[in-house]
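Here the structure is laid out as structure tokens; the discussion comes afterwards.
So you know, we letter chains A, B, ... as the sequences are listed, proteins then strands, and number each from 1. Please read these numbers as outputs of a predicted model, since none were measured by experiment. Note that these values count all heavy atoms, side chains included, but never hydrogens, waters or copies made by symmetry.
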Number of protein chains: 2
Amino acid sequence: MPRETKGKNRRTTIKDVAALAGVSASTVSRVLAMDPRISPATAEKVRKAIQEVHYHPNGIARSLVRKASLTIGFSVAQPPDQAFASPFVAESLRGAAAIAQRYGYYLMIFTAPTPAEERHHSLTLFREGRIDGVILTTARVHDTLLGDLQREGVPFAVIGRPAGRQVTYWVNNDNVADARAATAHLLQLGHRRIGLVTGPRQFVVTLDRMRGFRLAMQEAGQSPRLLAIADGSFTEQGGYEATQTLIRRYPDLTALLITDDVMAVGALRALAEAGRRVPADVAVMCFNDSLLASTAHPPLSAVRIPMYELGAKATELLIAVLAGRPPESGHILLPADMVLRASTGEASDTNGATNHATEKE
Amino acid sequence: MPRETKGKNRRTTIKDVAALAGVSASTVSRVLAMDPRISPATAEKVRKAIQEVHYHPNGIARSLVRKASLTIGFSVAQPPDQAFASPFVAESLRGAAAIAQRYGYYLMIFTAPTPAEERHHSLTLFREGRIDGVILTTARVHDTLLGDLQREGVPFAVIGRPAGRQVTYWVNNDNVADARAATAHLLQLGHRRIGLVTGPRQFVVTLDRMRGFRLAMQEAGQSPRLLAIADGSFTEQGGYEATQTLIRRYPDLTALLITDDVMAVGALRALAEAGRRVPADVAVMCFNDSLLASTAHPPLSAVRIPMYELGAKATELLIAVLAGRPPESGHILLPADMVLRASTGEASDTNGATNHATEKE
DNA sequence: TTGAAAGCGTTACCAG
DNA sequence: CTGGTAACGCTTTCAA
């Protein structure tokens, strides 16, 4: 009769442990929580029992009672068939995963092509109790998302600069300053006819970089009305098409600033097809600086955006908030370096994979 | 007194809805589950109440009682500071995310540098009830992981070919055949002194591709003892170093097969430094074919591994298993094409970004 | 220092 | 067709 022919193969629960150790479930729970007022003797007993039955506390039950999932959502604001193809997303996810893991948080990812879907997923996951907060990887210009999340009490941190003033937690590089510095660098090299290829204008990052470009050009005495700018999607093809448009309309450009390295690769293709040599005819400079930039032909000079760090910092920020110790300074600006390679005619070798001769701004 | 000054700002629960609609919680639950035997009238009442209080069922509570989290784990067998940097990981994750989302599953990702950690994370997440099953992205040669998971009853699907015979669910391309075809192609171009640069030998994929290489070389009458092979880590630097070693030891190589495109980019760097022109002195062919391969200099001929599809199919397989309708055929082999570009001297243009003139095997 | 009991928010069985 | 009630596995008062 003391045979244990009860459950078939239920996973072992806290009660099994309690029974085996001859204590109550509460006591087991306390041992697990390292409650100091448990006697060393019983603690030992319980621990042995836990070992014996291979007990693992059910995280779902815990989440239910604690009202916390220990899970962070990571929102990729792109169609699932593009997400992660972008080095920016992949790298910032890498940073987020590293930090989440370090602090004992789980990471749940979801993709959302449209703002509406991103809103829906973030809200639903939170309301269902599946995530405690969310990392957003994109800030759009006219976007009710952030306001909605705030209103609903969803904790979140943004990678990028939110358009409004009201958002508290975000991490970014200073895109206006960085784009301005990059443009200034091209000007300093002697270029005057500089074109800008940007991503979609619905993104704050696009507008910020455009603004930096404009500022530098104005400072150089260029009329803001005459600036050569074209936009495209954040893809190789997008960069290709935007560049084609731009160089057709402005055939005398001698330099191109491109706000994304994937797009820049497409720009190189367009330039090659048009018979323009880089950097002899047209100098090219881009943003991000993934492996793609250093292995392109020619290797691309780039503003090195700390993508990994952006993801990591945003996650740290969110975790601090979730842990109830929100940092006084809600946002962080990370510095971006400039990496000079052959595409602006300045690199010593032609394969810049390790040629990170950087120049602080 | 009919003022609702009850909870402070508790999220609304099924009971709130029940109270408002004047029915029991069970009834609300049934409406949610679209139980056919609920009367249209009450269903309507309940639905209105749900709208009114903005009710969202708590997913954690559901998971607890249903013993299913609707969540799939995605294991990245790499240190968090490398994960997703690999196009293979990024692309297969993309595929997994798309399918998971389509079937209403959530995706939880975790990184694990060592087999021990991968085992620990997979097992713990499952035992805690946080995931219903797991996608593994790497198959190692001597690996108890898969056996352990089976023993513990963790449903899983593998991207890649598991070493043992016992594993049921996996998706792969035929690496032996694909490597053999690639080598055969180089042979057909007239090369005889062909070197192989591979990833770490602990991975099944490495051994399979080595095997294919060997087979083709043997068929061409080469002594298997004299084959030029070097291995390195799956990084640009790994490819660089392995290639350096290889071309020093075998200075007369006229072609290189490299089992990864990130590594191939490093190989190009090593060749350039050694003063070998590609393809004039050394032809280069690689695997995977991400954007990196087509934008390298020169553009790399590659065996195009369907990375996205591998992730997608593995996820479909796992979801089928979780849904209780395990497919009769447990594993799937996807075909891989060959994309010929300038690095083997065959491309018409030098920028192969869209030059996917493929050749079926 | 420990135990009993009351939840956490659902679902599902058993009556009616 | 609908309502009570007992789980699901854990944490956390409240008592002792």
Side-chain angles (χ1 to χ4, degrees), chain A residues 6-47 49-50 53-70 124-130 132, chain B residues 6-47 49-50 53-70 124-130 132:
Chain A
K6 277 177 61 188
K8 347 212 62 173
N9 60 350
R10 288 178 16 264
R11 302 236 270 287
T12 67
T13 76
I14 202 170
K15 288 180 187 170
D16 302 324
V17 177
L20 181 60
V23 298
S24 75
S26 332
T27 301
V28 178
S29 178
R30 291 195 185 102
V31 172
L32 253 31
M34 307 220 278
D35 190 316
R37 46 181 203 184
I38 221 79
S39 87
T42 42
E44 187 49 36
K45 257 194 321 194
V46 170
R47 258 186 267 279
I50 287 177
V53 298
H54 287 2
Y55 171 65
H56 287 262
N58 183 312
I60 299 294
R62 276 190 165 168
S63 289
L64 182 59
V65 51
R66 289 185 182 160
K67 297 179 184 307
S69 60
L70 282 184
T124 303
L125 279 167
F126 180 76
R127 286 172 175 154
E128 290 186 342
R130 299 199 177 271
D132 296 339
Chain B
K6 277 178 64 185
K8 348 213 59 172
N9 60 349
R10 281 177 23 262
R11 301 237 268 289
T12 67
T13 76
I14 200 170
K15 288 177 186 171
D16 301 325
V17 178
L20 182 59
V23 299
S24 74
S26 327
T27 299
V28 178
S29 179
R30 290 195 186 99
V31 172
L32 252 30
M34 307 219 278
D35 190 317
R37 43 179 208 186
I38 219 80
S39 86
T42 43
E44 188 47 38
K45 256 194 323 195
V46 170
R47 259 187 266 280
I50 288 177
V53 298
H54 287 1
Y55 170 67
H56 288 263
N58 182 312
I60 299 294
R62 276 188 167 171
S63 288
L64 182 60
V65 52
R66 288 185 182 162
K67 297 179 183 308
S69 61
L70 282 186
T124 302
L125 280 167
F126 180 75
R127 285 172 176 154
E128 290 186 342
R130 298 199 179 273
D132 297 339

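Taking atom CD of residue B:E44 and atom P of nucleotide D:dC1, one finds them 16 Å apart after rounding to whole Å. Rounded to an integer number of Å, the gap from B:D35 CG to D:dC1 P is 10 Å. In this structure, B:K45 places its NZ atom 14 Å from P of D:dC1, rounding to the nearest Å. If you measure from atom NZ of A:K15 to atom P of D:dA6, you get 13 Å, rounded to the nearest angstrom.
Summary of the strand contacts: B:S26 and A:V65 both lie near DNA chain D, and taking for each the nucleotide with the nearest heavy atom, the more 5' one is attributed to B:S26. Mapping B:G22 and A:R30 onto DNA chain D via the closest heavy atom, the residue that lands nearer the 5' end is B:G22.
Across all strands shown, B:L64 has heavy atoms under 4.0 Å from base atoms, whether or not it also approaches the sugar-phosphate. Heavy atoms of A:V28 sit nowhere under 4.0 angstrom from any nucleic acid atom. When heavy atoms are screened at a 4.0 angstrom cut-off, A:S29 is found touching base atoms of the nucleic acid.
Sequence neighbours left out, the pairs with a member in residues 26-36 of chain B that pass salt bridge (charged side-chain N to carboxylate O under 4.0 Å, His left out) are B:D35-B:R37.
Within a heavy-atom distance below 4.0 Å of DNA chain C, the residues of residues 55-63 of chain B found are B:Y55, B:H56, B:P57, B:N58, B:A61, B:R62.
Think of the region where chain A sits on DNA chain C: with heavy atoms and a 4.0 Å cut, that region ends 5' and 3' at C:dT1 to C:dG9.
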